[in-house]
Amino acid sequence: MIMSNFWSIWISVLTIVVIVGCFILLKLVNNNYTGVEEGKSMGHEFDGIEELNNPLPKWWAYMFYLTIVFGVIYLALYPGLGNYKGLFGWTSSNQSIGTELGLKADSAAALEAAKAENRLSQYDREVAHADEKYGPIFAAYLATPLEELVKDEEALKVGGRLFLQNCAQCHGSDARGSKGFPNLTDDDWLYGGDLATIKTTLMNGRNGMMPPKGGLPIEDSEIKGLAEYVIKLSGGEHDEALAAQGQGSFMKGCFACHGMDAKGNKFMGAPNLTDNVWLYGGSRGYIEESIINGRAGVMPAWKDILGEEKVHVIAAYVYSLSNK
């Protein structure tokens, strides 16, 4: 991606200033400004340890100078100073040829153009090599129905590795999630936990949205009662009188998403309020916070990032987590 001229200049100037600053600092520390002859005492002593005016070892100083020289040569030959491409013109993507031909950088057209002119970048050569080696394996997985793939131990191991690389950042390495990120090891699913639905979720992503106060004419004075009613629905200890008031608030329209029985709606991703599974916390404080401010959950779509072949394998793995 080509950055703006401002940021290109900012990065370049900052990098050069740091390199020059390191060189000046090295020169300063290698000169004796103390007025004390090298190897003599600085006049400081504590606990039997005396400070001497010893210079930086020459081998150490030379190592720093070599590091600076290496940095200068590297930045001259390779990208590193803003938009400067380096004398070698090296790139990790098809950005350059895409720009030259008026194509979108890193697009399929740019990749094909790079292949035609034998100008594939290092990154794309590695990707091409990986596709050549592993492509047939993933193609075979895609051709296998999910119902059969979940029984393939080797496929599940592959899916587990893909999960750790791409999904664990949100759902955790153990897939048990955290506040705002669903636990994938239980049988509680916002949009459904069958194989086809899990794959659809991975492919297209999900956008869950609960507006503040449900987008309903709920007054601030009703919040505590409504929260108390929600706690009652999930079987928690509650104030019966306050919950009764909250039921009236619930009937203003919360049922439109959560259902008259409050068991949720998988078509909308509305959670079941009658169990004890809480995506954002089930304490009174958290429930009131959810009612007052609403919640917005986004699950990214992976079809364009990983492709259907890899998503197919991950779907089987995710299903296996809650269906041992």
Side-chain angles (χ1 to χ4, degrees), residues 162-194 196-234 236 246-247 249-306 311 314-315 318-319 321-322:
L162 288 170
F163 180 92
L164 288 174
Q165 294 165 4
N166 300 280
C167 314
Q169 294 89 333
C170 293
H171 295 283
S173 58
D174 59 358
R176 294 187 180 277
S178 60
K179 183 182 177 183
F181 301 101
N183 180 355
L184 303 179
T185 64
D186 59 19
D187 59 356
D188 187 81
W189 297 89
L190 289 175
Y191 295 93
D194 61 280
T197 302
I198 291 174
K199 181 175 178 180
T200 299
T201 298
L202 289 168
M203 287 287 287
N204 303 322
R206 298 289 186 181
N207 288 281
M209 178 61 170
M210 172 176 165
K213 298 180 182 178
L216 302 169
I218 294 175
E219 303 295 331
D220 291 342
S221 58
E222 298 178 72
I223 300 297
K224 289 190 178 298
L226 182 54
E228 201 70 18
Y229 178 65
V230 172
I231 292 173
K232 176 183 178 180
L233 287 171
S234 61
Q247 183 174 8
S249 300
F250 184 88
M251 297 308 294
K252 283 186 175 182
C254 301
F255 65 86
C257 294
H258 296 283
M260 291 295 293
D261 57 2
K263 292 187 178 295
N265 185 333
K266 286 183 169 57
F267 290 103
M268 304 176 65
N272 180 358
L273 302 179
T274 65
D275 58 19
N276 198 33
V277 179
W278 301 93
L279 184 57
Y280 295 97
S283 68
R284 281 177 174 78
Y286 282 135
I287 294 174
E288 289 178 11
E289 180 184 339
S290 294
I291 295 171
I292 295 170
N293 301 319
R295 298 293 184 181
V298 177
M299 159 82 181
W302 290 94
K303 60 182 178 182
D304 295 329
I305 301 173
L306 294 177
V311 168
I314 297 176
V318 171
Y319 178 84
L321 293 173
S322 58

Would you sort out whether L184 and F163 count as a side chain to side chain contact (heavy atoms under 4.5 Å, CB included), showing the intermediate values?
-> CA-CA 12 Å; L184 303 179; F163 180 92; 3.7 Å; yes
Pairs satisfying side chain to side chain donor-acceptor pair (under 3.5 Å), at least one member in residues 170-179, at least two apart | R176-T185
Do L273 and F250 come within less than 4.5 Å of each other through their side chains, counting heavy atoms only?
-> yes
Are any of the side-chain heavy atoms of N183 and V277 separated by less than 4.5 Å?
-> no
Taking every non-hydrogen atom, the tightest pair across P271 and H258 | O-ND1, 3.0 Å
Nearest-0.5 Å distance that lies between atom CG in L321 and atom CG in D187 | 13.0 Å
Would a distance-only check, ignoring hydrogens and angles, find a side-chain to backbone donor-acceptor pair under 3.5 Å from K252 to P217?
-> yes
What one should report as the nearest heavy-atom pair of N272 and A262 is OD1-O, 3.2 Å
Euclidean distance, M268 CE relative to L190 CG, rounded to 0.5 Å = 12.5 Å
Contact check, side chains of W189 and T201, non-hydrogen atoms, under 4.5 Å | no
CD1-CG distance between I314 and L202, expressed to the nearest 0.5 angstrom = 6.5 Å
Q247 CD to Y229 OH distance, which is reported to the nearest 0.5 Å = 4.0 Å
Can you name the residues that form a salt bridge (charged side-chain N to carboxylate O under 4.0 Å, His left out) with R206, not counting sequence neighbours?
-> none
Least distance between heavy atoms, P212 atom then N293 atom | CG-O, 3.5 Å
Residues that T197 engages under side-chain hydrogen bond (donor to acceptor under 3.5 Å, both in side chains), provided they are two or more places apart | D194
Separation of D304 CG from M203 CE (nearest 0.5 Å) | 8.0 Å
Quick one: salt bridge (Lys or Arg N to Asp or Glu O under 4.0 Å) pairs with a partner in residues 256-273, sequence neighbours left out?
-> none
Mind checking what makes side-chain hydrogen bond (donor to acceptor under 3.5 Å, both in side chains) contact with K213, not counting sequence neighbours?
-> D220
Contact summary for C254 and L216, nearest pair of heavy atoms = N-CD1, 3.5 Å
Going from CG on L306 to CG on L162, what distance comes out if it is rounded to the nearest 0.5 angstrom?
-> 7.0 Å
Can you tell me which residue pairs pass the side chain to side chain donor-acceptor pair (under 3.5 Å) test with a partner in residues 278-291, sequence neighbours excluded?
-> E228-R284, N276-W278, S290-R295
